[in-house]
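Being a predicted model, the structure only gives us computed values, none of them experimental. Any value given below was found using the heavy atoms of this structure, including those in side chains, with hydrogens, waters and symmetry copies removed.
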Amino acid sequence: MEETIQEEVLIDNLRVKASFSSSSGLLKWTGQGNGSLILEKDLLGISTGPLTITLHAFQLPNNACCGDSQRLRRDIVIDFDLPASHNLWHNEIQNCLNSYGRPKRLLLLVNPFSGKKGAQSVYKAVVEPLLKAAGIHITLRETKFQRHAEELVKSLNLTQFDGIVCVSGDGILVEVLNGLMKREDWEQAIKTPLGIVPAGTGNGMAKSLLDAAGEPCDASNATFAVIRGHTQSLDVAKVVQGNVIFHSLLLLTWGFIADVDIESEKFRWLGSLRLDFYTLLRIMWLRHYDGKLAYLPAPGYEETGRPYTGELHSEAEVKSEGNHSDIRHKNGKYTSDWRYMDGAFIMVSLQNVPWASQDFLAAPFAKFSDGCLDMIILRDCPQWTLLNLLMTMQNGNSVKSKYLEYVKVKAFRLSPGGRIGSDVQGGYIDLDGEVVARGVGAEGDGSKDLMLYGPTIDVSILRGLATVFSPV
């Protein structure tokens, strides 16, 4: 096999001298026209005719950086004079592409109810054309009801696919995670690469993955990340109350943010303004919740809170098991490494990734696979200072506020209480956009909630357990 091949060919009907290096994947040409592309970074796939090769490219414009411009989809047609030359170039380019280990068979889950109900349009207009240009075999399923994706993957023959891709908001991705974790072969199933194409309201996971690579958060860049086949490990949060277990990828919230997220649903007719509108309402009538929380701080955060060696409803410590951490019982007490907070809280949030939503950089120091969650605590804050603080969360500067406590934790425990000064208990435990528990008097039908509001909820981290398609 030749490392570099050269030939005079026609590219887009212009006579040029072309060269291709199979070691670097660089194709370049000079003559009547000039250009280049790197297969790994710029190519979706190829198709071939009797004496032609069509390169399905997806490139940034010349002199553009990832975050500055959008990739452009175009076909580059190479014409050869001789069949032997055509076969040689086709084999070299195809073998180079094959060496990247890109996925060839994908299950696509489209949620037609996500966000503004545009996921089907995103799939048809963006996702499907790119995947077909890459030569990927697609199996398409639409979700019909809540937790439908979870049910689908619980019984799926995973050997038929190289990955599962969700065209949706973050919720369907989390359903897939929980479906994989409920399988008898979960230890193997959880290794299945997962992809997310933003088509929902929040899109926090897609934003976090793409932003880490300096990529704009849109459906085309997210799809190309899947096509290229790069993966990385992702921490999974294990949330437990009694015999109920829920696995989370994004965040847990209690207090202000959960209230706005859930209760603003009744203003959905306002479109994208609903969250801004209800945020102002909640600031004007600010709620404080009584609660208790304990946590195991990561190195460097040991002086936060106060020491805790007492008891809660079910006591625990964290032990390390390989790359995972989990909660284990020990003598009804916490170890001295644990810290404690109680009293009035405006907001408590646990973040697994930096972006809570596409425009909300809640945890700028969060890492994808560090075995920690980033805990954000707001205990007291003047009302209009809170408005400014929330605005600075768009760029991550909120962590500089003296009113906000930011702590990396390896385990967490929460006993949520009711609204202070109110006859209504209220309150929601919001996991990845889904209410898993709500207090008496809170909005919505809580009969199908997975957990109870009030009893202690334990959170531990399964380090690097999941695998996600990533642009880096």
Side-chain angles (χ1 to χ4, degrees), residues 67 170 202-217 235 237 250-261 275-284 286-289 291 293-306 339-412 414 430 432 459 461:
D170 297 305
N203 305 316
M205 182 60 71
K207 175 69 173 182
S208 295
L209 291 167
L210 290 165
D211 184 69
E215 299 267 4
C217 181
D235 291 343
L250 201 69
L251 78 164
L252 176 151
T253 62
W254 171 57
F256 185 90
I257 292 178
D259 288 359
V260 170
D261 184 30
L275 292 174
D276 295 334
F277 172 71
Y278 200 69
T279 294
L280 288 174
L281 286 184
R282 286 276 51 87
I283 288 174
M284 288 190 290
L286 190 60
R287 297 167 177 168
H288 292 75
Y289 288 91
L293 61 90
Y295 58 94
L296 182 63
Y301 297 88
E302 295 90 347
E303 300 306 314
T304 58
R306 62 181 190 270
R339 310 294 287 182
Y340 180 72
M341 296 181 187
D342 63 358
F345 296 89
I346 294 175
M347 176 189 77
V348 175
S349 179
L350 289 177
Q351 293 279 152
N352 192 36
V353 295
W355 292 84
S357 66
Q358 200 162 332
D359 55 2
F360 201 51
L361 182 54
F365 307 128
K367 306 297 182 184
F368 294 113
S369 185
D370 62 354
C372 295
L373 296 171
D374 289 34
M375 181 177 73
I376 301 160
I377 303 290
L378 187 64
R379 297 175 65 92
D380 197 16
C381 183
Q383 287 167 294
W384 300 114
T385 300
L386 175 57
L387 176 61
N388 182 65
L389 188 152
L390 292 171
M391 292 175 64
T392 61
M393 278 191 176
Q394 295 177 5
N395 57 22
N397 285 332
S398 59
V399 297
K400 300 175 183 178
S401 172
K402 65 180 181 180
Y403 297 104
L404 189 145
E405 297 178 70
Y406 191 108
V407 183
K408 280 187 171 290
V409 303
K410 296 192 288 184
F412 173 85
L414 173 66
D430 185 344
D432 298 342
V459 183
I461 299 95

Taking it one step at a time, do His288 and Phe256 satisfy side chain to side chain contact (heavy atoms under 4.5 Å, CB included)? CA-CA 8 Å; His288 292 75; Phe256 185 90; over 6 Å; no
Candidate pair Val459 and Val409, rule side chain to side chain contact (heavy atoms under 4.5 Å, CB included), full reasoning: CA-CA 10 Å; Val459 183; Val409 303; over 6 Å; no
Take Leu209 and Phe368 through the side chain to side chain contact (heavy atoms under 4.5 Å, CB included) test and state the conclusion after the steps. CA-CA 9 Å; Leu209 291 167; Phe368 294 113; 3.8 Å; yes
Residues Leu293, Ile377; criterion side chain to side chain contact (heavy atoms under 4.5 Å, CB included); working and verdict: CA-CA 11 Å; Leu293 61 90; Ile377 303 290; 3.9 Å; yes
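A pairwise comparison of heavy atoms in Lys410 and Pro297 identifies CE-O, 4.0 Å as the closest pair. The shortest non-hydrogen separation linking Met341 to Arg306 is CA-NH1, 4.5 Å. Nearest heavy atom pair, residue Tyr403 against residue Thr385, reads CE1-CG2, 3.6 Å. Nearest heavy atom pair, residue Ala366 against residue Val353, reads CB-C, 3.6 Å. Taking both residues in full, the closest heavy atoms of Met347 and Met393 are given as CE-CE, 4.1 Å, listed atom of the first, atom of the second, then distance. Scanning both residues, Met205 and Leu250, for their nearest heavy atoms gives N-CD1, 3.7 Å.
Here the straight-line distance linking atom CG of Leu387 with atom CG of Leu280 works out to 6.0 Å at 0.5 Å rounding. Rounding to the nearest 0.5 Å gives a distance of 8.0 Å between CG of Asn352 and CD1 of Ile461. Note: Thr279 OG1 to Ile283 CD1 = 6.5 Å, rounded to the nearest 0.5 Å. Between the CG atom in Asp430 and the CH2 atom in Trp254 there is a gap of 14.0 Å [rounded to 0.5 Å]. Rounding to the nearest 0.5 Å places SG of Cys381 at 8.0 Å from CG of Leu286. Rounded to the nearest 0.5 angstrom, Leu350 CG and Leu252 CG are separated by 5.0 Å.
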Ignoring hydrogens and angles, write down the donor-acceptor pairs under 3.5 Å from the side chains of residues 357-365, residues two or more places apart or on other chains.
{"residue": "Ser357", "atom": "OG", "partner": "Asp359", "partner atom": "OD1", "Å": "3.1"}
{"residue": "Gln358", "atom": "OE1", "partner": "Asn203", "partner atom": "ND2", "Å": "3.0"}
{"residue": "Gln358", "atom": "NE2", "partner": "Cys217", "partner atom": "O", "Å": "3.4"}

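In this structure, Met284 and Trp384 have side chains that are in contact, with non-hydrogen atoms separated by less than 4.5 Å.
The residue from Val348, Val407, Leu296 that alone fulfils the side chain to side chain contact (heavy atoms under 4.5 Å, CB included) condition with Phe412 is Val348.
A donor-acceptor pair is defined here as one N or O able to donate and one able to accept, closer than 3.5 Å; such a pair exists between the side chain of Glu302 and the backbone of Gly300. The backbone N or O of Trp355 lies less than 3.5 Å from a partner atom in the side chain of Ser208, making a donor-acceptor pair.
Applying the side-chain hydrogen bond (donor to acceptor under 3.5 Å, both in side chains) rule to Asp261 yields no partners; only residues at least two apart in sequence or on another chain are considered. By the side-chain hydrogen bond (donor to acceptor under 3.5 Å, both in side chains) test, Thr304 is found to be paired with Tyr295, residues two or more places apart in sequence or in another chain being considered.
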